[in-house]
There are 2 protein chains.
Amino acid sequence: MRRETKQREAILELLRNTRSHPTADQIYDDVRVDIPNISKGTVYRNLQVLENDGAITVIGINGARSRYEVKQKGHYHFRCEKCGCVIDLEESADKKIDKKIATRTGFTVSHHQTEFYGLCKNCR
Amino acid sequence: MRRETKQREAILELLRNTRSHPTADQIYDDVRVDIPNISKGTVYRNLQVLENDGAITVIGINGARSRYEVKQKGHYHFRCEKCGCVIDLEESADKKIDKKIATRTGFTVSHHQTEFYGLCKNCR
DNA sequence: TTAGGTGCAAAACCTTTGCCATCCC
DNA sequence: GGGATGGCAAAGGTTTTGCACCTAA
């Protein structure tokens, strides 16, 4: 059974209150302000738990590090190739295309992720 | 100036002859059959060189490790959440959406990657 | 009470790098 | 010859794990 711990609550609360798509390390640093002796292991374990529970989403692992955000309506991300920042796009995910791919391939398609690459306003 | 070495050729040749989107480690194992004493450092260095030269593409928005393929027309990928396989989709990348995002955000958008998730034929 | 959670530290992984020998042009 | 490469091994950085001790329910 799943318990409610202050560590897990703190991580989830942090993600609820940011749009910065922090890395595990940034989350660790932030949470440590309130819970100084929290360990990285706990951060990673809880991020996994929260993902399994569907409370948060993991985005982008390509060479960069994983970043996290609270689960929200399907949307896309932009990743700056210079500074590495990740920004939510208003463009919302098109669920129809999942069905289209499923029909064509015979696979079960649950969702898709799209990431746009280029330079953000500050870096261009 | 760029030289032609058997190590780099072997890696590129391997990627040209597969559709399996191998990881760096799988590439290392495969190339080692012909060049037994090739080192992983060389594999990684050459994968970077080849990517910089535009000969290959690194893929995976949300994969555990990076996977590689030879450069080809823009297309999307499907990643099985059970067995981890990566499969090319016929659906081709829509360049228009890059421009659309660029206009809306004011960012410079060079390209995008889309990955579909679910279960492949063998795993469903 | 007790199964799930936490801290800590070590281990596991993947990727990059320094150094020097080697090879291609 | 001389700069680009390669091999080897060590270093780096991120994430996972084992274990003994807690703690929420």
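Here is how names work: the chains are called A, B, and so on, in the same order as the sequence lines, proteins then strands, and each is numbered from 1. Note that this is a predicted model, so its numbers are computed, not measured.
- The side chain of B/Q7 places an N or O atom within less than 4.0 Å of a non-bridging phosphate oxygen (OP1 or OP2) of D/dG7.
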What nitrogen or oxygen pairs link the protein and nucleotides 21-25 of chain D at under 3.5 Å?
residue : atom : partner : partner atom : Å
D/dT23  : O2   : A/R3    : NH1          : 2.8
D/dA25  : OP1  : A/E4    : N            : 3.4

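- The 12-atom threshold is exceeded at CD of B/Q72, counting heavy atoms of other residues, nucleotides or ligands nearer than 6.0 Å.
- Rounding to whole angstrom units, OH of residue B/Y68 and C1' of C/dT15 are separated by 8 Å.
- The pair B/D25-B/K40 counts as a salt bridge, with a side-chain nitrogen and a carboxylate oxygen less than 4.0 angstrom apart.
- Residue B/Q26 contributes atom CD, which lies 15 Å from atom P of C/dC13 at whole-angstrom precision.
- In the helix from C/dT1-D/dA25 to C/dC25-D/dG1, the rotation axis of the first five pairs and that of the last five pairs differ in direction by 40°, rounded to 10 degrees.
- Atoms CG (B/D53) and C1' (D/dA4) sit 13 Å apart, rounded to a whole Å.
- With sequence neighbours excluded, the residues satisfying salt bridge (charged side-chain N to carboxylate O under 4.0 Å, His left out) with B/D29 are B/R32.
- Residues satisfying the side chain to side chain contact (heavy atoms under 4.5 Å, CB included) test with B/R19, not counting sequence neighbours, are none.
- Under the rule for a side chain to side chain contact (heavy atoms under 4.5 Å, CB included), the partners of B/T57 that lie at least two apart in sequence or sit in another chain are B/I59, B/E69, B/K71.
- At D/dT14, none of the side-chain N or O atoms of A/S66 fall inside 4.0 Å of OP1 or OP2 (strictly under the cut-off).
- Listed by chain and number, the residues in a side chain to side chain contact (heavy atoms under 4.5 Å, CB included) with A/A55 are A/L12, A/L50 (sequence neighbours excluded).
- Legend: residues meeting ring pair (Phe, Tyr, Trp, His ring centres under 6.0 Å) with A/F107, ordered by chain and number and at least two apart, are B/F78.
- The ring-ring contact (aromatic ring centres under 6.0 Å, His included) contacts involving residues 79-106 of chain A comprise nothing, where partners must be two or more places apart or lie in separate chains.
- The interatomic distance linking B/E9 (CD) with D/dG6 (P) rounds to 11 Å, in whole Å.
- The ring-ring contact (aromatic ring centres under 6.0 Å, His included) contacts involving residues 4-48 of chain B comprise B/H21-B/H77, where partners must be two or more places apart or lie in separate chains.
- Contacts of A/R3 classified as salt bridge (charged side-chain N to carboxylate O under 4.0 Å, His left out), with partners at least two apart in sequence or in another chain: none.
- As rounded to whole Å, 12 Å separates atom P of D/dT15 from atom CD of A/E51.
- The salt bridge (charged side-chain N to carboxylate O under 4.0 Å, His left out) search around A/K82 returns none, not counting sequence neighbours.
- Listed by residue number, the members of residues 31-48 of chain B with any heavy atom below 4.0 angstrom from DNA chain D are B/N37, B/I38, B/S39, B/T42, B/R45, B/N46.
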